[in-house]
*Asks:* 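Following this message is one structure expressed as structure tokens.
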Amino acid sequence: MVQVRELHEWPSAEAEAVAVQERLRSMVRFDGAPEEVRTVAGLDVAYAEGSDDVIAAVTVLNLADLSVVDSSVVRARAEFPYVPGLFAFREAPSLLEALAGLDVEPDVLVCDGQGLAHPRRFGLACHLGVLTDLPSIGVGKTSLGKYDPPGPERGDRSPLLLDDEPVGSALRTQPRVKPIFVSVGHRCTLDAACDLVLRLAPRYRLPETTRTADQLGRAESRR
DNA sequence: GCGACAG
DNA sequence: ATCTTGTCGC
């Protein structure tokens, strides 16, 4: 159901990976809040203990009641090492396979990791957004940049800065709980991204999309 | 040289 | 990411 555009090869060398990011960077669309959002996908990757396997998990939630309406899991060998700034080359291939296995095409992708809040402004969320041409959002539990602590209430936010440049928001999803880091991936505005994330996190710090995908992935990793 | 460094 | 017990609080 989700079509993946073949815009580049998957390099094994870091220099080529950086070149791919710098080439695809111009394809990111910042305009337009996704309209008529009915379903939202959560994407997460788990790692099995002993092996070099990556387990890509995707869940699709009905935004109205946050129920899971579809899911897909893919277990595959990691073809790229963990290199900060080059996550997509380790995690995106299996995540795209999982997306291709869905029956329901989601209206938005919520990725665990950064979007524009990335050294070259092309984090995992941007990469997945451009390759699928679906609106996407990056949600990180930790961030690379600097930020002033947002206010204590749910919905309070402050600019996330990288190189003194605003690249996202430190968003408080629960009162007095450590903020999460939201950045635009593709075809979405930062305000729309934060609003959607807040709707997805009525009760816990992390959005339900991330939580359900994480649960699915770790269940698969314990087999 | 040393510490930092999305998951 | 993952390895791990208890503990405080709603």
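Chain letters run A, B, ... following the sequence lines, proteins first, then strands; residues in each count from 1. Every heavy atom of this structure was used, including side-chain atoms; hydrogens, water molecules and symmetry mates were not.
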*Asks:* Would you kindly give the NZ-to-C1' distance between A:Lys146 and B:dC5, to the nearest whole Å?
*Replies:*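 Rounded to the whole Å, the gap is 13 Å.
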*Asks:* OP1 or OP2 of C:dA1 less than 4.0 angstrom from a side-chain nitrogen or oxygen of A:Arg218, does that happen here?
*Replies:*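 Checking C:dA1 against A:Arg218, no side-chain N or O comes under 4.0 Å of OP1 or OP2.
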*Asks:* Give A:Gly85 one of three labels, base, sugar-phosphate or nothing, depending on what nucleic acid heavy atoms sit under 4.0 Å from its own.
*Replies:*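 Touches a base.
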*Asks:* Rounded to whole angstrom units, what separation is found between the CZ atom of A:Phe80 and the C1' atom of B:dA6?
*Replies:*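 The distance from CZ of A:Phe80 to C1' of B:dA6 comes to 14 Å, rounded to the nearest Å.
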*Asks:* Checking contacts here: which listed nucleotide (C:dA1, B:dA6, C:dT2) is nearest the side-chain heavy atoms of A:Leu144?
*Replies:*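 The answer is B:dA6.
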*Asks:* By nearest atom, which of the nucleotides C:dC3, B:dG7, B:dC5 is closest to the A:Glu49 side chain?
*Replies:*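 Among C:dC3, B:dG7, B:dC5, the one nearest the side chain of A:Glu49 is C:dC3.
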*Asks:* For A:Arg157, does its backbone N or O pair with a side-chain atom of A:Arg172 as donor and acceptor, under 3.5 Å?
*Replies:*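 Checked: no pair found.
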*Asks:* Could you check how far CZ of A:Phe122 sits from P of B:dA6, rounded to whole Å?
*Replies:*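 Interatomic distance, CZ of A:Phe122 to P of B:dA6: 19 Å.
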*Asks:* Students often get this wrong, so: under 4.0 angstrom with heavy atoms, is A:Gly123 touching a base, only sugar-phosphate, or nothing?
*Replies:*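 Base, at least one base heavy atom under 4.0 Å.
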*Asks:* Counting N and O atoms only, with roles assigned by atom type, does the side chain of A:Arg120 sit under 3.5 Å from a partner on the main chain of A:Gln21, one being a donor and the other an acceptor?
*Replies:*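 Such a contact is absent between A:Arg120 side chain and A:Gln21 backbone.
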*Asks:* Only one of A:Val110, A:Thr210, A:Thr212 clears side chain to side chain contact (heavy atoms under 4.5 Å, CB included) with A:Thr59; which?
*Replies:*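 The side chain to side chain contact (heavy atoms under 4.5 Å, CB included) with A:Thr59 is passed solely by A:Thr212 among A:Val110, A:Thr210, A:Thr212.
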*Asks:* Which whole-number value in Å describes the distance from A:Glu79 CD to B:dG7 P?
*Replies:*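 For the pair A:Glu79 CD and B:dG7 P, the rounded distance is 22 Å.
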*Asks:* Rounded to the Å, how far apart are A:Phe181 CZ and B:dA6 P?
*Replies:*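 So the CZ-P distance, A:Phe181 to B:dA6, works out to 11 Å.
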*Asks:* Are A:Tyr82 and the base of B:dG7 stacked, counting only ring centres nearer than 5.5 Å and planes tilted under 30°?
*Replies:*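 Given the distance and angle limits, yes, they stack.
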*Asks:* Answer with yes or no after comparing the ring centroid distance for A:His127 and A:Phe87 against a 6.0 Å cut-off, counting only values under it.
*Replies:*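 No - the distance between ring centres of A:His127 and A:Phe87 does not fall below the 6.0 Å cut-off.
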*Asks:* What is the distance, to the nearest angstrom, from the CG atom on A:Leu86 to the C1' atom on B:dG7?
*Replies:*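 It works out to 12 Å between those atoms.
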*Asks:* Is A:Arg90 positioned over the aromatic face of A:Tyr82, cation under 6.0 angstrom from the ring centre and no more than 45 degrees off axis?
*Replies:*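 Geometry flag: not set, cation outside 6.0 Å or 45°.
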*Asks:* What is the distance, to the nearest angstrom, from the CZ atom on A:Arg120 to the C1' atom on B:dA6?
*Replies:*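 From A:Arg120 CZ to B:dA6 C1': 12 Å.
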*Asks:* Once you round it to whole Å, what is the distance between P of B:dA6 and CZ of A:Phe89?
*Replies:*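 So the two atoms are 17 Å apart, to the nearest Å.
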